[in-house]
Engineer: 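Here it is, the structure, as structure tokens.
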Amino acid sequence: MSTPLFEPAIGLGNCHLQTIFPRFHRPRPWIRTQCQWLATPDADRLSLHTPEPLEDNPDRPIVLVLHGLEGSVESPYVQGLMQALLEKHFQVAVMHFRGCGGVPNLLPRAYHSGDSDDPRWVASQLREHYPSTPLMAVGYSLGGNVLLKWLGEDRAQSLLSAAVSVSPPLDLHLSSRRMNTGFSKVYQKHLLDSLKESLGRKAENPQLARHMPPLGNRRYFSNFRKFDDHFTAPLHGFAGVDDYYTRASSRPFLSQIAVPTMLVHALDDPFVCPTAVPGPEDVSNSVTLCLSKRGGHVGFVAGSLWRPKYWLEKAIPEFLGKHRQIDKCQ
């Protein structure tokens with residue numbers, strides 16, 4: 001299956017420019033959405049955001065969008081994708097991982113890079129309410145890792161008819177090391193500051209704060225490995241950071257995916273070690289590898305600095321469009 005090759009914008013060839021430029025070029029959300037709160041089986045809540053009411057329509061697949069670490073429906077890459085999918089007559093539902101979007105969830109646990117149970121459950125709710133409508137999914141970064149793991153776990157039993165994963169970390173052991181080197185430390189600090197702020201909002205509830213590690217220990221927020229060892233792993237039932245990184249990494253699941261899936265990745269991604277990037281021998285026949293030398297992390301800005309074009313917003317609807325008639329409802 002052919003996919004158009006990505007060429008970076010003139011003036012934006014550097015991986016960090018590719019990564020940072022979209023955030024500042026389109027900083028404000030421009031598509032309004034409605035929020036629906038879903039009560040989870042474990043007495044927590046998830047929010048689902050839709051730009052228009054969903055309908056049971058076999059000709060308009062629902063695309064479930066999974067954002068990246070500390071992202072939300074207001075993230076520029078989510079906004080751009082929503083606009084592109086709506087123009088191609090898809091339906092869109094953006095799932096916020098627990099505690100994202102500025103509203104704390106109700107349990108001490110939050111979300112993590114291997115948290116496939118929540119989108120799987122949301123997909124089951126969408127299937128129940130819209131039984132004739134094909135379901136698809138797109139995941140970015142952390143959400144892309146979750147999506148690949150979910151697909152590999154479910155194999156041919158997946159409720160999805162097609163999927164796209166963009167810039168997933170793939171191997172969390174290697175990614176945590178990559179984020180702790182060079183300029184990538186800037187991204188790491190920004191994300192850890194955001195995580196600390198989110199946890200701080202949750203800790204305003206004394207009942208939740210009792211079950212959380214102390215937020216005042218700066219050492220816990222010095223890098224991802226320490227954060228994941230003191231927060232992510234214990235709050236989500238892992239034996240420690242190495243157990244978490246091993247069990248939550250998506251790379252081992254790539255050979256088990258049975259749903260048409262496009263994996264988009266740039267070899268200069270400052271979040272991901274190049275040795276984690278899979279080759280054709282590492283993935284199933286259902287996976288289309290769309291690899292480019294440049295593109296940064298969830299960047300892929302083409303055109304030019306003065307007239308940028310967001311390549312993902314063309315490539316993703318095009319790939320999903322080739323599978324929109326596949327009926328997974330039986």
Engineer: Does S255 have any side chain to side chain donor-acceptor pair (under 3.5 Å) partners at least two apart in sequence or in another chain, and if so, which?
Structural biologist: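 Per chain and number, S255 pairs via side chain to side chain donor-acceptor pair (under 3.5 Å) with no residue.
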Engineer: ring-ring contact (aromatic ring centres under 6.0 Å, His included): which pairs involve residues 195-217, sequence neighbours left out?
Structural biologist: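 Not a single pair qualifies under ring-ring contact (aromatic ring centres under 6.0 Å, His included).
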Engineer: Quick one: side-chain contact (heavy atoms from CB on, under 4.5 Å) partners of N205, sequence neighbours excluded?
Structural biologist: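 For N205, the residues satisfying side-chain contact (heavy atoms from CB on, under 4.5 Å) (neighbours in sequence not counted) are Q207, L208.
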Engineer: Once ring pair (Phe, Tyr, Trp, His ring centres under 6.0 Å) is applied, do any residues pair with H173, and if so which ones, sequence neighbours excluded?
Structural biologist: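 H173: ring pair (Phe, Tyr, Trp, His ring centres under 6.0 Å) contacts with Y245.
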Engineer: Determine which pairs satisfy side chain to side chain donor-acceptor pair (under 3.5 Å) with at least one residue from residues 12-23, sequence neighbours left out, and list them in order.
Structural biologist: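 Non-adjacent pairs meeting side chain to side chain donor-acceptor pair (under 3.5 Å): H16-Y187.
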Engineer: Checking one residue: Y310. Which other hydrophobic residues are in its cluster under the side-chain 4.5 Å linking rule?
Structural biologist: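 Other cluster members: L12, L17, F21, V301, L305, W306.
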Engineer: By side-chain contact (heavy atoms from CB on, under 4.5 Å), which residues pair with D118, not counting sequence neighbours?
Structural biologist: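 side-chain contact (heavy atoms from CB on, under 4.5 Å) check on D118 returns L46, M95, R98, R109, D115.
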Engineer: Mind checking what makes ring pair (Phe, Tyr, Trp, His ring centres under 6.0 Å) contact with H67, not counting sequence neighbours?
Structural biologist: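 With sequence neighbours excluded, H67 shows a ring pair (Phe, Tyr, Trp, His ring centres under 6.0 Å) to H96, F97, given in chain and number order.
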Engineer: Q256: what forms a side-chain contact (heavy atoms from CB on, under 4.5 Å) with it, not counting sequence neighbours?
Structural biologist: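 Q256 satisfies side-chain contact (heavy atoms from CB on, under 4.5 Å) with R155, F253 only.
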Engineer: Tell me whether D154 contacts the main-chain N or O of Q157 through its side chain, where contact means a donor paired with an acceptor under 3.5 Å.
Structural biologist: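 Pair absent, no side-chain N/O of D154 close to backbone of Q157.
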Engineer: Go through the structure and list residues passing ring pair (Phe, Tyr, Trp, His ring centres under 6.0 Å) with F224, not counting sequence neighbours.
Structural biologist: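 Expected list: none.
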Engineer: Just grab all the side chain to side chain donor-acceptor pair (under 3.5 Å) pairs involving residues 80-91, residues at least two apart or on different chains.
Structural biologist: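 Listed by first then second residue: W30-Q83.
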Engineer: Hey, can you pull the donor-acceptor pairs under 3.5 Å for the side chains in residues 270-280, sequence neighbours left out?
Structural biologist:
none

Engineer: Using the rule side chain to side chain donor-acceptor pair (under 3.5 Å), only one of S250, S249, S116 pairs with K149; which is it?
Structural biologist: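 It is S116, the one option of S250, S249, S116 that forms the side chain to side chain donor-acceptor pair (under 3.5 Å) with K149.
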